[in-house]
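The structure under discussion appears below in the form of structure tokens.
Just so it is clear, the model here is predicted, and its values are computed rather than measured.
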Amino acid sequence: MSDVVKKKRRWPYVLGGVFALLVVVVLGVLWRLDAILLKTAREQAATYSQKLGRPIEIGDISTQLFPTVGVEVENVSIGAAEGEELPLAQMASLDISVAAGPLLSSRGKDIQVKNAELSGLTVNVVRLADGTTNVQRLLQRLEEQSPKEEEKPPEDESQPTDLSGVHVERAALTDGTIRFVDRAGGQAARELAVKDLDIEVKDLRAGKPLVVDLAAAVLADKQNLQLSLHAAPLPPTLIPTPERVTLKAQKIDLSPLGPFLPPDVGLQAGTVDADWKAELGGAVPGGKGPTRLVGVISALGLRFAGSEGGKALDVVLDTDVAGDIATGDLSLDKLKLDLGPANITGKGQVKGLLSEKPSVQGFELVGRNLDPAVLAEYYPPLKKQLNGMIAGPIGLEVRGSGTQDAQAINVDVDLTPVRLRVPAQLTKNAGGAMKLTARVAGAAASGGALKFDANADLSGVDLRPGLLVDKSPGQRMDFAVAGTYAPGKGGAGMKVEVPKMTAHVLEDTVTGSASFALAGQGKKQTTTFSADVKANKLDADALLFDEKELAARNGGTVPAPESAELPPEDPARFNGYRGDIRFAVGALRYSEMDLSNVTGVIKMTDDLISVEKFSSGVFGGKVAADGTTIRLGPSAAQRPFEAKVKVDGVQVAQALAQATPQKVMTGTFNGNVDVKGIGYTPEKLKETLLGGISGNILGGTLLGKDLVASVSEPLAKALPFASKALKSGEVTSLSENLPFGVQIKNGVAQLSKPITWTRPEAAMSFDGGIKLDGTLDLIGSVALTPSTVKTLTLGKVTPPSDIPVGLKLTGPAWKPEVTGVDVKPAVTTLAKLAASSLAGNLIGGKRGEQVQQVIEGGEEKLRADAEAKRKELEAKAAEEKSRLEAEAKKRAEDEAKKRLRGIFGK
């Protein structure tokens, strides 16, 4: 019994021993875990030390597993680089703790961060003897070591990460310091600091508002800067939508900061005060409700190196402004922005501008002395940024008033007194007209849309420096538009309708209407547009530079396209585009072509551009291009296209004159062009262009070359008796109706079948192709008629049939060359004919005719006739035999049928 009692009393000691053993094991694991983590962290620190060129040290790492999972990192420093004395950054500790129970029970889905605190952070910004800072050197090193970004394929849209399981009770930066040390002045280093820097966030979780508070002592012993950010209740993604910003600053002296700013700023003195609050509302993406800006921000006595006469610049923003983007409300109880001698002031109210009952009461926004060149006298870096592009006072006035039935806001921007010099774009002298006037009003009649009309006068602008538009100062150029604007449902998207627009360009007037709409977001966003443009006449040649004018303005050479590499194009960048453009121009002058009654409908669906309808009178005929398509998504060298063109009554001479000043051919062309390819350059088209051209040339004449005369000269020289070449007329007449067809492949337009035509002088036939650069590669024959041969041989020979001469047509189409003339067969035939004629005349009579037949091949002819007769008789005999066999077969079948009927009694 006593043994049983002893055993029962012994179990607490056993359990305690097991527990103690577990504690020892856990402590051992934690000790080893800390050591392992510390070793790994220091190895990583050594790697990054090499990359940054600065030693990185980690003092200690300690972990905790229960009741919170936590880690504390102590005494981390990023040391000084070569040639520097102070470390870049030091951190006393980083402490993070997460509740273990919820983390384990939810398998990592419920993350409750009890505390995340970074304390004792000190950043040293050192200005070195050469004027650079250690931060600039670090950024430069990182940039040098960063690999060049390779082109990445567009990423598919994914669902935002749901972080609703994350809850941060407190995150903070405490007792931070940013030290500014100036070593550029030698041994007497200047030091200043932003001290007592505290940033704190509490109760960060989905569904709760976010509040971020920042406070710091900026170049002072006490905290003199407070910044607070309030955001709307956080969504599951924890991406904040700011609602309110509060800024307070108490006379912060900026002078000591000057040496640490970029050298081109040159700040020497100034102070900042602020007591400003912004209720952001719908002014930020995702925000809702009204917006209000109240308070004053002032930067006084700002002096910059190089300012004219040491002028000091005062900048003061004093606001009491409220508005609501959703309804179109704007209240300017106070708006004043002073920029030294320049200022912008505002007052008045606008209510319900986007509603059916707008109201404008004494609204006024006026700018005075807005001369960038004058402001550059106070702030010299502005002069470098402007680079002489703009000088002179800008006129700005926005005024609004009216009754409920006639509300309007008028905007006037007058740049007439301003001198403009925008490189490679435009110039304008002071005094040259350049104005914009606009009127905006609530549109009750259109269900709450915003009505507007605007006029722009650019008559004083010189657009010739852009080397695109040939518009000089004083020439007319003005635009007028009127329409409505309506925001999309739910604040997303918009729709603009412009039922009336007019443009006066030089001597021409263009009118029309247009619309534009955006809807959806991301990859589901759609862009819808339409335009209808009309003009009685339009001289594009007068408006645009041609190559001759470009060369004249560019030292005799046509400027090459910009060589800078463009960013890679996204093939899907046009997805969601839907629209059409309609146009009708009575008379269009373009590239020295006079087109008439130009009408068309062009549609866009994603990246596909399709010509639904296009027709134009040109070169005395008519051209239609219905069904032509092109895709804009791929890069220019890879864009597929398909051209379908119907030509009716086009004068060939006029059309070819656009490609060459040489007169090549006359006549009228009717036909079809149906080709497709990829890319636009000649090199690319040689590889990809496919299709065909077919049609008829009526009353055509080939200019610059007399083909009959071209073969008569070498033939006359080769004949063994006296002859005379035909006189060249430098033209070759074609037939009254010459049909032809070509198939394009591998850069060559190959004739589908030989083209043939007959003239009184000869019958001609050619086969082959024409390269895309206009080089001919044709082989054929010129068959001289008996009358032509008689003239050529001075009456000695009159052949019974045409005499063919082989030849080639090569060289450019506008200057063809006759090569490879083969006169041997013709010479042989004509020599025989001449000899037979001579022999017949000498012998005379029937005997002479027999001799003549022998010389001309009469015996061969007799043999051929006999052979033909024999074959004819054999064919008739075979035909008769087949007929008799067929009749015998039919009689046998009829006899068999009779016998069968006798057997069956039918």
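Applying the side-chain hydrogen bond (donor to acceptor under 3.5 Å, both in side chains) test to Arg170 and every residue at least two apart in sequence or in another chain returns Asn115, Glu117, Glu200. Under the side-chain contact (heavy atoms from CB on, under 4.5 Å) criterion, Ala45 pairs with Ile56, Ile58, sequence neighbours left out. Remark: Val194 pairs with Ile178, Phe180, Ala216, Val218 by the side-chain contact (heavy atoms from CB on, under 4.5 Å) rule, at least two apart or across chains. For Asp110, there are no salt bridge (Lys or Arg N to Asp or Glu O under 4.0 Å) partners, not counting sequence neighbours. The side-chain contact (heavy atoms from CB on, under 4.5 Å) test applied to Leu386 returns Pro372, Leu382, Ile390, not counting sequence neighbours. Contacts of Val135 classified as side-chain contact (heavy atoms from CB on, under 4.5 Å), with partners at least two apart in sequence or in another chain: Leu88, Val125, Thr133, Leu139. With sequence neighbours left out, Arg54 forms a side-chain hydrogen bond (donor to acceptor under 3.5 Å, both in side chains) with Glu84.
The list of side chain to side chain donor-acceptor pair (under 3.5 Å) pairs with a residue in residues 38-52, not counting sequence neighbours, is empty. Listed by first then second residue, pairs satisfying side chain to side chain donor-acceptor pair (under 3.5 Å) with a partner in residues 246-255 read Asp253-Ser255, not counting sequence neighbours. Pairs of residues two or more places apart, or lying in two chains, that qualify as salt bridge (Lys or Arg N to Asp or Glu O under 4.0 Å) and include a residue from residues 281-294 are Arg292-Asp320. Each side chain to side chain donor-acceptor pair (under 3.5 Å) pair with one or both residues in residues 207-216, not counting sequence neighbours, appears once here: Asp213-Ser228. A side chain to side chain donor-acceptor pair (under 3.5 Å) check over residues 85-99, counting only residues at least two apart or in different chains, returns the pairs Glu85-Arg183, Ser93-Ser119.
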For this session: Start with the C-alpha gap between Arg179 and Glu191, add the side-chain angles, then the distance that decides, and say whether salt bridge (Lys or Arg N to Asp or Glu O under 4.0 Å) holds.
Result: CA-CA 7 Å; Arg179 296 174 60 202; Glu191 294 191 15; 3.0 Å; yes
